[in-house]
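Encoded as structure tokens, the structure appears first; notes follow it.
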Amino acid sequence: QVQLMESGGGLVQAGESLRLSCAASGRAFSSYGMAWFRQAPGKEREFVALISWSGGSTGYADSVKGRFTISRDNAKNTVYLQMNSLKPEDTAVYYCAARAGYRDYGTYDYWGQGTQVTVSS
């Protein structure tokens, strides 16, 4: 069973930056496609960003494109989400997710517990 642990959330003002981290257990991290999702109060969970298992491909929701950057460090079993120019509408619980088995498509198999990001205006 893979465990994912997010960190780096907090309270910031609009325009500031945060970097989220997600550390994965186990030895197969390099075979996982990774993603970040978020869920704001009263809303459904939504996709934020993804990075392929190879690290060669990334994708972003339109709402964060140009402001957020996803990256991974396989030596540290960690995926990151650099969030710049934060807006109040970015306020949410952020979750990382892992897709096992060298897959670039399909459902995510593992989820973290989430980290709260709050952006004040």
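These values consider heavy atoms only, across backbone and side chains, with no hydrogens, waters or symmetry-generated copies. No experiment lies behind these values; they were computed from the predicted model shown.
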Does [X] use its side chain to pair, donor to acceptor, with the backbone of [Y] at less than 3.5 Å?
X: T118; Y: L11; value: no
X: E6; Y: G114; value: yes
X: R45; Y: A40; value: no

Q) What residue pairs, at least two apart or across chains, pass salt bridge (charged side-chain N to carboxylate O under 4.0 Å, His left out) with a residue in residues 109-121? A)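 Found R103-D109.
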
(Q) Is it true that, when you exclude Q3 itself, more than 12 heavy atoms of the residues, nucleotides or ligands shown sit nearer than 6.0 Å to its CD? (A)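 Counting neighbours around CD of Q3, 12 or fewer heavy atoms of other residues, nucleotides or ligands fall under 6.0 Å, so no.
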
Q. What do you reckon, is CD of Q39 surrounded by more than 12 foreign heavy atoms closer than 6.0 Å?
A.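 Above 12, so yes.
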
If I compare all heavy atoms of [X] with all of [Y], which pair ends up nearest, and what's the gap?
X: S21; Y: T78; result: CB-CG2, 4.2 Å
X: A14; Y: S121; result: CB-CA, 4.4 Å
X: A35; Y: Y108; result: CB-OH, 3.3 Å

Q: Please list, chain by chain and in numerical order, all residues satisfying side chain to side chain donor-acceptor pair (under 3.5 Å) with D90, sequence neighbours excluded.
A: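 Side chain to side chain donor-acceptor pair (under 3.5 Å) list for D90, sorted by chain: R38, R67.
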
Q: Could I get the full list of side chain to side chain donor-acceptor pair (under 3.5 Å) partners for S7, not counting sequence neighbours?
A: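 S7 satisfies side chain to side chain donor-acceptor pair (under 3.5 Å) with no other residue.
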
Q.
Nearest 0.5 Å, please: how far is OG in S63 from CZ in F47?
A.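 One gets 9.5 Å once the value is rounded to the nearest 0.5 Å.
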
Q: Look up atom CZ in R72 and atom OG in S54, then write down how far apart they are to the nearest 0.5 Å.
A: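 Going from the CZ atom of R72 to the OG atom of S54 covers 8.0 Å.
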
Q. Which is it for S17 and N84 under the side chain to side chain donor-acceptor pair (under 3.5 Å) test, yes or no, and what are the steps along the way?
A. CA-CA 4 Å; S17 299; N84 298 330; 2.9 Å; yes

Q | Listed partners of K43 passing salt bridge (charged side-chain N to carboxylate O under 4.0 Å, His left out), at least two apart | A |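 K43 satisfies salt bridge (charged side-chain N to carboxylate O under 4.0 Å, His left out) with no residue once adjacent residues are dropped.
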
Q | Members besides V79 in its Ile/Leu/Val/Met/Phe/Trp/Tyr cluster (side-chain heavy atoms under 4.5 Å) | A |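 ILVMFWY cluster around V79 also holds V2, L4, V12, L18, L20, F29, Y32, M34, W36, V48, I51, Y60, V64, F68, I70, L81, M83, L86, Y94, Y110, V117, V119.
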
Q) If you group Ile, Leu, Val, Met, Phe, Trp and Tyr whenever their side-chain heavy atoms sit less than 4.5 Å apart, what else falls in with W53? A)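 Under the 4.5 Å side-chain rule, W53 groups with Y102.
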
Q) Can you say whether the rings of F37 and W111 are parallel (under 30°), tilted (30 to 60°) or perpendicular (over 60°)? A)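 Tilted, since the angle between the ring planes falls between 30° and 60°.
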
